[in-house]
Amino acid sequence: MYDHFDPAVILEAIPEPAAILSLDYLILATNQAYQDCYAPQGRIVGKTCYRVSHGYTVPCDQAGEACPLRACRDTGLRQRVLHLHNTPEGEEHVDVEMSPLKDAAGQLIGYLEVMHQVKEARAQVSDQDGMVGRSQAFTEMLSLVHRAAPSEITVLLLGESGTGKELVAKALHDGSPRSRAPFVTVECSGLSEGLFESELFGHEKGAFTGAIGRKKGLVEAARGGTLFLDEIGEIPLSLQVKLLRLIETGTFRPVGSVEPQHADFRLVCATHRDLREMVLAGEFRQDLYYRISAFPVPLPPLRQRADDLPLLVSVLLKRLPGGAEVQLDEAVMQWLRRYPFPGNIRELRNLLERGILLADAGVIKLEHLPPDLFATVETAPALPAEQVMHQLPVMPLEALEAAYLHSLAVRFKGERRELAQQLGVSERTLYRKLKDIDAN
């Protein structure tokens, strides 16, 4: 099989975890980095890649995941997919790169799998700052961020208020070659027309009344690093041409100076507004829009990340003052899963901050949430308790859920993806629950 190459030479030349896989998913050989990451104490050769990486008994595409090996086999081309993989430290995001291997006659004989570490986010509670998440919506966003981070491409973050746009911008910076240089945020919504040039470009001494000394602008402060323009849709139309000139020429002049200066930054922009509609309405320059939208990244609202709620709650409680010893009552978690979160993660943080202050016994309960929020959660008409007890046998809630899911899985005629959508969970979560039912 390896008559024209030595797998050990190929694998050990790769610094990241790498393995050679057979046509039927078996691990044939690995480098030491792969062994250390996925089986530090045991044998890994001869096992299937999906069992080692996920603990699955079937290939990823049969378990609600995108399978890079299957895609590589179908297309004959190199594939990259962001996955959650098991490691000795728990599940972590991994960018899986799969390449076909062919013999001298051009016949497919296996695959080269390389695992690229994803540093932009964590999939579990940790002491590190930054993004956390594991839901499908979050993973899709993270995949785009991971692709864009090492490049110089201008990124446009699109999302509702409170979805964490600055955190994503910081992740782009931290994952770039500019990570050691400054990350500078410009709050565009707070810049008046009179302050725009002075704040962005700086000014010389005596440039205007009150300019008692030279001031370095934010563009200069970001030299060598990343300039993050938050809420760029709020910049007045009259000032957009000055920003466009900066981006196009790469130069700027401080107020009161005649000498142009060279700008050196990677640009990341963010907005909660529909810039396309603003362009059509004449409220945003079309040429500026095309300059900043080379790589748009949609940020999912929290209501699309229900699977991330337990993780986000745990992480926020750990990070908030006084929250490390506080727990969330299960009834509160169930309520949060139904709440639409118009303020997204920022609102969740605020609710937990309030709960920490009110939870004298160390447990945040429903009565610790603001009363006016309950009117926003739609509830179905409730049956009288006596009628419910008459119709249903008394059993643990976990068993009741298992029985309900089993019944649905038997009766539902559509795809598992459709069923997961109707249940409001990810396909991965549905598969895991059904697998647990079958195991029992």
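Relative ring orientation between Tyr38 and Tyr34 is described as tilted, the plane-to-plane angle lying within the 30° to 60° band. Using cut-offs of 30° and 60° for the angle between ring planes, the Phe228 and Phe183 rings count as parallel.
The existence of a salt bridge linking Lys365 and Asp360 is excluded, since no basic side-chain nitrogen approaches an acidic carboxylate oxygen closer than 4.0 Å. The existence of a salt bridge linking Asp61 and Arg70 is confirmed by a sub-4.0 Å separation between a basic side-chain nitrogen and an acidic carboxylate oxygen.
Looking at heavy atoms from C-beta onward, Phe265 lies out of side-chain contact with Glu220 at the 4.5 angstrom threshold. Residues Glu347 and Tyr339 meet the side-chain proximity criterion, which asks for heavy atoms closer than 4.5 Å. Looking only at side-chain heavy atoms (C-beta outward), Thr226 and Val184 stay at 4.5 Å or farther from each other. When side chains are defined from C-beta on, Leu157 does not count as touching Pro298, because their heavy atoms never get closer than 4.5 Å. By the 4.5 Å heavy-atom criterion applied to side chains, Thr163 and Leu302 are not counted as neighbours. Side chains of His93 and Thr139 form a contact here, defined as non-hydrogen atoms less than 4.5 Å apart. Taking 4.5 Å as the limit, every side-chain heavy atom of Val297 sits out of range of all side-chain heavy atoms of Leu172. Looking only at side-chain heavy atoms (C-beta outward), Glu166 and Lys170 stay at 4.5 Å or farther from each other.
Taking all atoms of both residues into account, the shortest heavy-atom contact from Arg305 to Pro300 is CD-CG, 3.9 Å. The two residues Ile292 and Thr154 make their nearest non-hydrogen contact at O-CG2, 3.6 Å. When all heavy atoms are compared, the tightest approach of Pro68 to Ala66 is CD-O, 3.4 Å. Summarising the geometry of Leu311 relative to Val125, their closest heavy-atom pair is CD1-N, 3.5 Å, with the distance given to 0.1 Å. Counting all heavy atoms, side chain and backbone alike, Val363 lies closest to Leu328 at CG1-C, 4.5 Å. Across all their heavy atoms, Ala121 and Phe138 have their closest contact at CB-CZ, 3.7 Å.
Between the side chains of Glu65 and Tyr56, at least one donor-acceptor pair of N or O atoms lies under 3.5 Å. No side-chain N or O of Asn31 forms a donor-acceptor pair with one of Gln35 less than 3.5 Å apart. Of the N and O atoms on the side chains of Gln124 and Glu92, at least one donor lies less than 3.5 Å from an acceptor on the other residue. Using a 3.5 Å distance cut-off with no hydrogens or angles, the side chains of Ser135 and Asp308 do pair a donor with an acceptor. Side-chain N/O atoms of Thr75 and Gln79 include a donor and acceptor closer than 3.5 Å.
Remark: the backbone N or O of Leu26 is paired with a side-chain donor or acceptor of Ser22 at under 3.5 angstrom. At least one donor-acceptor pair under 3.5 Å links the side chain of Asn344 to the backbone N or O of Ser161. His272 places no side-chain N or O within donor-acceptor distance of the main-chain N or O of Gly162, the cut-off being under 3.5 Å. Judged by distance alone, with hydrogens and angles left aside, the side-chain atoms of Arg51 form no donor-acceptor pair with the main-chain N or O of Thr57 at under 3.5 Å. Checked by atom type and distance alone, the side chain of Ser53 never pairs as donor or acceptor with a backbone atom of Tyr50 at under 3.5 Å. With hydrogens and angles ignored, the 3.5 Å screen pairs a side-chain donor or acceptor of His173 with a backbone N or O of Ala181. Of the possible donor and acceptor atoms, none in the side chain of Ser179 sits under 3.5 Å from a partner among the backbone N and O of Gly175. Between the side chain of Gln240 and the backbone N or O of Ile235 there is at least one donor-acceptor pair closer than 3.5 Å. Of the possible polar contacts, none joining the Glu353 side chain to the Leu348 backbone as a donor-acceptor pair under 3.5 Å is found. Asp174 places no side-chain N or O within 3.5 Å of a backbone atom of Glu120 that could act as its donor or acceptor partner.
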Does the pair Leu244 and Tyr289 meet the rule for a side-chain contact (heavy atoms from CB on, under 4.5 Å), with working shown? CA-CA 9 Å; Leu244 178 65; Tyr289 171 73; over 6 Å; no
Determine, stepwise, if the pair Val145 / Val168 fulfils side-chain contact (heavy atoms from CB on, under 4.5 Å). CA-CA 8 Å; Val145 171; Val168 177; 3.7 Å; yes
Step-by-step salt bridge (charged side-chain N to carboxylate O under 4.0 Å, His left out) determination, Asp95 to Arg80: CA-CA 7 Å; Asp95 181 11; Arg80 286 178 63 181; 2.2 Å; yes
Walk me through it: do Thr185 and Asp230 pass the test side chain to side chain donor-acceptor pair (under 3.5 Å)? CA-CA 7 Å; Thr185 298; Asp230 195 12; over 6 Å; no
Please step through salt bridge (charged side-chain N to carboxylate O under 4.0 Å, His left out) for the pair Asp264 and Arg178, ending with a clear verdict. CA-CA 11 Å; Asp264 176 20; Arg178 297 175 176 265; 3.0 Å; yes
Determine whether Cys72 and Arg78 satisfy the following criterion, side-chain contact (heavy atoms from CB on, under 4.5 Å), listing intermediate values before the conclusion. CA-CA 6 Å; Cys72 190; Arg78 181 174 66 97; 6.0 Å; no
Working note: Leu275 + Thr271, criterion side-chain contact (heavy atoms from CB on, under 4.5 Å); need CA distance, chi angles, decisive distance, verdict. CA-CA 8 Å; Leu275 295 186; Thr271 183; 3.9 Å; yes
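Applying salt bridge (charged side-chain N to carboxylate O under 4.0 Å, His left out) to Glu160 and the options Arg273, Arg303, Lys165, Arg346 leaves one that passes, Arg303. Each of Val81, Leu77, Leu21 was scored for a side chain to side chain contact (heavy atoms under 4.5 Å, CB included) with Met98, with one residue passing: Leu21.
Close placement of the His54 and His85 rings is indicated, their centers lying within 6.0 Å of each other.
In this structure, CG on Leu158 lies 12.0 Å from CE on Met141, to the nearest 0.5 angstrom. Atoms CZ and CZ, on Arg319 and Arg349 in that order, are 8.5 Å from each other to the nearest 0.5 Å. Summarising the geometry, atom OG belonging to Ser99 is positioned 11.0 Å from atom CD1 belonging to Ile20; distances are rounded to the nearest 0.5 Å. Going from atom CG of Leu69 over to atom CG of Asp74 covers 9.5 Å, rounded to the nearest 0.5 Å. Arg266 CZ to Ile153 CD1: the interatomic distance, rounded to the nearest 0.5 Å, is 8.0 Å. The distance from the CD atom of Glu231 to the CD atom of Glu187 is 8.5 Å, given to the nearest 0.5 Å.
When the shell of 6.0 Å around CD of Glu330 is examined, it contains more than 12 heavy atoms from other residues, nucleotides or ligands. Enclosure of atom CD in Glu16 by more than 12 non-hydrogen atoms of other residues, nucleotides or ligands within 6.0 angstrom is indicated. Within 6.0 Å of CZ in Arg354 there are more than 12 heavy atoms belonging to other residues, nucleotides or ligands.
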